[in-house]
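These numbers come from a predicted model, not from an experiment.
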Amino acid sequence: MTDASAPISVFVASTPLQLISCAEARHAYGCRPEDTLLVIARPDNRETERQMAMLISALGWRGCEISYLTKRTFYVRLAGLARRLSGCRIERLFIGNKASWIHEVFYRSFESSQVIFVDDGLATVKYYHAIHREGMPSRISVSKRRLLRTLGIRTHRVISQGLVFFTFFPLPTTDRINVRHHDFPVFRQCFRTTVRDSRLEPLVGFLGQPFGGKDRLQRLALQMQHIVSSYPGRRIVYFMHRKESRDELQKALAEYPVDIRQAGRPIEVEVALSGHRYLAFFSFASTALFTLKTMFPDIRVVQIDDPALASKLVYYDEMLDLFRAAGVESVRLSQG
């Protein structure tokens, strides 16, 4: 950043989707690279770190200041960043995870002209409703608050008015939240979203998820059975969520012709760069059903409506409405 007195924009992201959303927001709000600070806030594992490093390069964050808050040196680096920001005028603060205490430190501690929440998957929908129901209660524990004070960080700021969601979900503006929508123009400019290599074998994709409790693997096998019967003879690629276990999946899906794969990059990027033509993508409730249909409208995208898992998701019926609004198909799976 060239001028310490100039107002800056601060982006806080911990996952690939949050980082993609931050890139879209940076473009939409016209933030100049020289006045932009990107904070990579304690990614949960090495796979996440690798994916975010690739996105930083691909989505054009060069020229912006980047601060890495890694797990090993997190508190030391956070204290140093807090001292750095205490002398800055923050025009806009873009937050990736509304529920994370790490992200909350930023919007509770540092004054800014505007706080903008970018997408964090289906959690965006969950917290959109939670804000209307209960406002913005702090999730920072007493012990964490005490630790932050020793680092010179006071989480004192109250966030109650002028909330903004920058989102690709078709959520309406209300008296509590102003919604600004986007359809990934930056991503579509940076990656190929239409060109496919017709010489490559067409594939069917499945998007894994780590939730579902003790019934997850049993229901997953039934979902895969439905896909295999819908696309007989086709190669099915199971894209693991970064928190899933390969050994666990291989045991659960042993009887099905499935290629279990850790993409190594966000699924949207994988589809854009692989050159393969995907006949369809399936999942129960992955956020990627939305992003893939928005970015690649020519691909069939299908949500598997599984009642045994649906009972465990808050706002499931509204989620189905959002899927339909985005052009995602839905197929009903039996109770089994």
Side-chain angles (χ1 to χ4, degrees), residues 1-16 18-23 25-26 29-46 48-49 52-53 55-57 59-118 120 136-164 166:
M1 298 182 188
T2 56
D3 184 356
S5 65
I8 66 171
S9 296
V10 178
F11 297 80
V12 186
S14 299
T15 70
Q18 292 171 21
L19 185 55
I20 290 172
S21 299
C22 283
R26 188 191 65 180
Y29 285 87
C31 304
R32 302 190 310 167
E34 60 268 30
D35 299 327
T36 294
L37 169 63
L38 170 64
V39 180
I40 304 300
R42 202 172 174 176
D44 52 13
N45 56 39
R46 291 290 178 84
T48 301
E49 290 176 359
M52 295 183 76
L55 287 170
I56 286 171
S57 175
L59 293 175
W61 289 94
R62 295 186 187 92
C64 303
E65 181 179 346
I66 303 177
S67 178
Y68 294 91
L69 304 183
T70 60
K71 285 185 178 181
R72 188 169 60 88
T73 60
F74 175 73
Y75 290 105
V76 172
R77 289 180 178 269
L78 178 62
L81 183 59
R83 289 192 295 271
R84 158 83 170 78
L85 290 177
S86 65
C88 294
R89 289 195 297 126
I90 303 175
E91 182 175 14
R92 295 188 180 97
L93 182 56
F94 297 87
I95 298 296
N97 187 338
K98 289 156 278 299
S100 164
W101 73 267
I102 295 170
H103 289 231
E104 187 179 342
V105 167
F106 286 86
Y107 65 81
R108 295 284 185 195
S109 304
F110 307 116
E111 295 295 333
S112 63
S113 299
Q114 190 175 34
V115 175
I116 300 165
F117 294 112
V118 302
D120 184 30
M136 291 281 289
S138 176
R139 290 175 171 82
I140 301 177
S141 67
V142 173
S143 59
K144 283 287 194 309
R145 203 177 296 275
R146 187 180 303 118
L147 173 59
L148 291 169
R149 279 201 300 269
T150 67
L151 299 176
I153 301 172
R154 289 184 59 245
T155 55
H156 62 286
R157 191 177 182 207
V158 176
I159 305 293
S160 59
Q161 301 296 325
L163 290 175
V164 178
F166 181 79

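To the nearest 0.5 Å, the span separating CZ on R89 from OG on S112 amounts to 12.5 Å. Expressed to the nearest 0.5 Å, how far OG1 of T70 lies from CD1 of I40 amounts to 11.5 Å. Put simply, CZ on R84 and CZ on R77 are 14.5 Å apart, with the number rounded to the nearest 0.5 Å.
Between P16 and T48, the closest side-chain pair of non-hydrogen atoms falls below 4.5 Å. In this structure, S100 and R42 have side chains that are not in contact, with every pair of non-hydrogen atoms separated by 4.5 Å or more. L38 places a side-chain heavy atom less than 4.5 Å from the side chain of L19.
For the salt bridge (Lys or Arg N to Asp or Glu O under 4.0 Å) test, no residue two or more places apart in sequence or in another chain qualifies with R154. Evaluation of the ring pair (Phe, Tyr, Trp, His ring centres under 6.0 Å) rule for F106 yields F110 as partners, not counting sequence neighbours.
Side-chain contact, E104 with T155: no donor N or O sits under 3.5 Å from an acceptor N or O. In this model, a donor atom of one side chain and an acceptor atom of the other lie less than 3.5 Å apart for R62 and S57.
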Before you tell me yes or no, could you show the steps for L148 and L78 under side chain to side chain contact (heavy atoms under 4.5 Å, CB included), namely the whole-Å CA-CA distance, both residues' side-chain angles and the distance that decides it to 0.1 Å?
CA-CA 9 Å; L148 291 169; L78 178 62; 4.0 Å; yes

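In this structure, F11 and F94 have parallel ring planes: the angle between them is below the 30° cut-off, well short of the 60° mark. Using bins of under 30°, 30° to 60° and over 60° for the plane-to-plane angle, the ring pair F117/Y107 lands in the perpendicular bin.
Every pair tested for salt bridge (Lys or Arg N to Asp or Glu O under 4.0 Å) that includes a residue from residues 143-152 fails, sequence neighbours excluded, so the list is empty.
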